[in-house]
Amino acid sequence: MKRIVRIVLCCLAITISYGQIAVSQSEEKDYDPAWLRLSTNADAKVTCNKNSPTLTIAIHELRTQWMGQPVKLLLTKEKSIRTLGCDGYRITGNPSGIEIKASEEQGILYGAYHLLRLQATGGNCTDIKIEESPDYDIRILNHWDNLDRTVERGYAGYSIWRWDQLPAVVSPRYKEYGRLNASIGINATVLNNVNAPVEVLNTDMLNKVKVIADELRPYHIKVFLSVNFSSPAVLGGLSTSDPLDANVSQWWKEKVNEIYKRIPDFGGFLVKANSEGLPGPQDFGRTHADGANMLADALKSHDGIVMWRAFVYNPSNEDRAKQAYSEFLPLDGQFRDNVIIQVKNGPIDFQPREPFSPLFGAMQKTAVMPELQITQEYLGFSNHLVFLATQWEEFLNSETYCNGAGSTVAKTTDGTLFKQPLTAIAGVANIGEDENWCGHYFAQSNWYTFGRMAWKNTISSGEIAEEWIKMTFSDNPEFLNPVKEMMLQSHEAVVDYMMPLGLHHIFAWGHHYGPEPWTAIPGARPDWLPSYYHQADKQGIGFDRTTSGSNAVSQYFSPLREEFNQLETCPEAFLLWFHHLPWTYKMKNGKTLWDNLCYKYDSGVQQVRDFQKIWDKTEGLVDEHRFKHVQSRLKIQAKDAVWWKDACLLYFQTFSGLPIPYDIERPVHELDALMKIKLDMKHHN
Ligand code: GCW
């Protein structure tokens with residue numbers, strides 16, 4: 001009884017303090033509502049011509065949040081609506097009413113969220129004519145969540161999937177996850193880590209997966225699993241997992257049938273094979289195509305698909321940046337039409353900045369999908385404020401020249417240039433059990449961005465930042481303008497204080513948080529060591545990938561390969577990615593490479609200081625909890641930026657022998673002391 005009284009009092013307090021627009025029940029939940037914060041108690045007039053769990057969600061969202069004219073939801077087979085595809089919708093409206101039309105129920109759901117976004121961001125809600133359909137068919141999150149609930153490269157607590165409690169206990173967070181994703185158009189999710197154990201296909205596990213799939217279905221999110229290529233032998237007890245062995249393909253067929261019996265709309269498999277020690281078809285002398293096709297055949301009759309990763313690099317003398325292309329390009333055209341090759345944005349590995357992978361545009365007879373990393377493995381984990389929209393925008397807008405000018409990465413993957421049967425884009429999730437889902441409140445913006453860019457790959461980072469800030473924090477220009485500016489600069493800032501001018505992979509051994517350009521582990525694979533990438537010596541620094549070096553430039557189309565190859569035209573952002581240059585090399589601004597490197601590191605540090613100033617000024621414009629949280633994270637980021645700058649400059653100075661320009665901040669650390677730092681990153685390895 002006492003408890004009930006307390007709850008009632010608590011609800012009253014919330015209603016009184018927030019007036020008519022109350023912050024949704026989140027106060028009573030143990031997790032943040034992210035960008036879906038407004039509950040207006042509007043009791044809007046909403047009608048719909050059909051009935052289904054998905055439509056019920058759309059109606060409920062509008063009823064509780066929409067404050068405008070009556071809304072009619074219409075499922076229709078009208079031709080002009082059908083041409084918008086199964087996820088598309090049309091919203092028309094005038095002051096007396098609004099109509100959302102779609103040919104499938106998910107189109108209605110996406111349309112409803114669009115209308116609410118318009119309302120929350122101050123858009124025109126009276127005279128509306130909007131038609132939308134997504135650029136990619138499959139907009140999918142990849143969770144790197146393990147079955148013991150740790151998350152590989154996860155910085156937001158344990159996995160939200162409660163394998164320990166499923167199938168009996170169903171966490172309310174599954175629905176909330178579905179809702180947040182549906183609101184930004186995400187329509188698929190891979191529940192488990194690409195480093196997949198065979199146990200994920202145990203019957204017990206499948207019963208748990210079924211429950212999650214049931215929870216997410218009304219939100220139109222299809223569930224996929226990452227699978228281990230050795231499953232037939234290790235789990236099934238067969239003598240081999242050779243993809244061309246009849247018993248093996250039969251085993252997969254039966255396993256697939258077992259899955260579809262429980263989950264009739266199961267999406268399919270994501271596979272990391274012959275990569276970083278995982279098994280794959282090459283163990284049996286077969287190709288990636290043999291492996292992917294065998295799985296694709298097992299899934300075909302159920303409309304399932306295979307997402308096969310191209311993240312491969314064997315210990316060899318070939319430049320790691322070239323290997324995925326060397327291995328996959330010869331297989332172009334050999335894959336089934338329900339296979340799609342999943343390629344990381346850069347040729348190496350989610351570095352702070354990379355040129356795009358040359359596979360984009362080169363593989364023309366096979367469906368190819370980009371893989372982005374939302375979780376900040378190489379970008380300060382959940383400690384650093386880094387808005388990834390600008391990074392992904394740069395990537396998607398990159399010119400591949402595969403079909404002349406205008407052949408952007410976006411167009412090589414969304415079906416514009418090549419009529420690939422499947423189009424998709426994946427993002428490695430940054431979601432965990434933390435109250436704020438992502439560890440850092442601003443990391444929520446990257447989840448949001450992934451959904452918005454997967455829907456529309458030409459949307460600008462500025463537009464996304466503005467939407468997100470308005471929905472998540474405030475539309476007060478005093479807050480909005482400086483915070484938006486900070487977000488838009490934040491990726492360049494982290495590149496500057498970690499790895500400017502094309503430097504890459506100079507992270508600490510064992511974790512990817514701090515700097516360790518000096519690491520030398522006897523017997524370690526050279527391509528796991530920073531010196532492989534920075535190549536610093538008395539003469540200079542940088543990886544020579546020109547025609548006289550590893551010749552990675554030749555994997556790009558002309559005129560890009562010449563542009564990268566020639567010093568005069570190589571963008572300075574990729575200078576040390578493609579060239580090994582003397583410390584005294586004169587750059588465009590007339591200063592030496594060494595001086596430029598120093599100024600870049602310093603400017604990264606100064607930018608973070610500016611972010612602190614911007615944020616401190618917002619006190620009072622945002623709730624205290626989030627204000628303090630972000631404030632304290634920025635302090636860590638500022639310290640880390642100095643750590644990076646001092647470590648890299650003092651270490652590289654041992655080669656360059658040149659002074660750090662006297663007009664920049666002096667190092668505050670001793671190199672020896674920095675070299676002794678060993679972070680305990682057990683859970684982050
Ligand atoms: O960047 C590397 C990560 C690994 C990851 C791998 C991959 C899931 O350090 O943790 O493994 O990429 O993408 O497969």
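In each ligand, atom 1 is the first atom listed, and ligand 1 is the first ligand listed. This is a predicted model, so every value here is computed, not measured. Count residues from 1 along the sequence.
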Inset, instruction - Quick one: look at Tyr378 and ligand 1, take heavy-atom pairs under 4.0 Å, and tell me if it's side chain, backbone, both or neither. - result: side chain
Legend entry - Lys678/Glu516 ion pair, N-O < 4.0 Å: yes
Legend entry - Donor-acceptor pair between Asn181 and Trp447 side chains, under 3.5 angstrom: yes
Inset, instruction - Work out whether the distance between some heavy atom of Gln373 and some atom of ligand 1 is less than 4.0 Å. - result: no
Legend entry - Pairs touching residues 378-400 that satisfy salt bridge (Lys or Arg N to Asp or Glu O under 4.0 Å), sequence neighbours left out: Arg353-Glu394
Legend entry - Proximal atoms of ligand 1 relative to Phe311 (non-hydrogen, under 4.0 Å): 6 (C), 7 (C), 12 (O), 13 (O), 14 (O)
Inset, instruction - Using heavy-atom distances, let me know which of Glu371, Glu152, Lys344, Arg153 sits nearest atom 12 (O) of ligand 1. - result: Lys344
Legend entry - Asn193 to ligand 1, any heavy atom closer than 4.0 Å: yes
Legend entry - Atoms of ligand 1, numbered as shown, that sit under 4.0 Å from any heavy atom of Asp349: 1 (O), 2 (C), 12 (O)
Inset, instruction - Could you tell me the separation between the CD1 atom of Ile425 and the CG atom of Asp137, rounded to the nearest 0.5 Å? - result: 12.0 Å
Inset, instruction - Can you tell me which residue pairs pass the ring-ring contact (aromatic ring centres under 6.0 Å, His included) test with a partner in residues 271-297, sequence neighbours excluded? - result: His288-Trp308, His288-Phe328
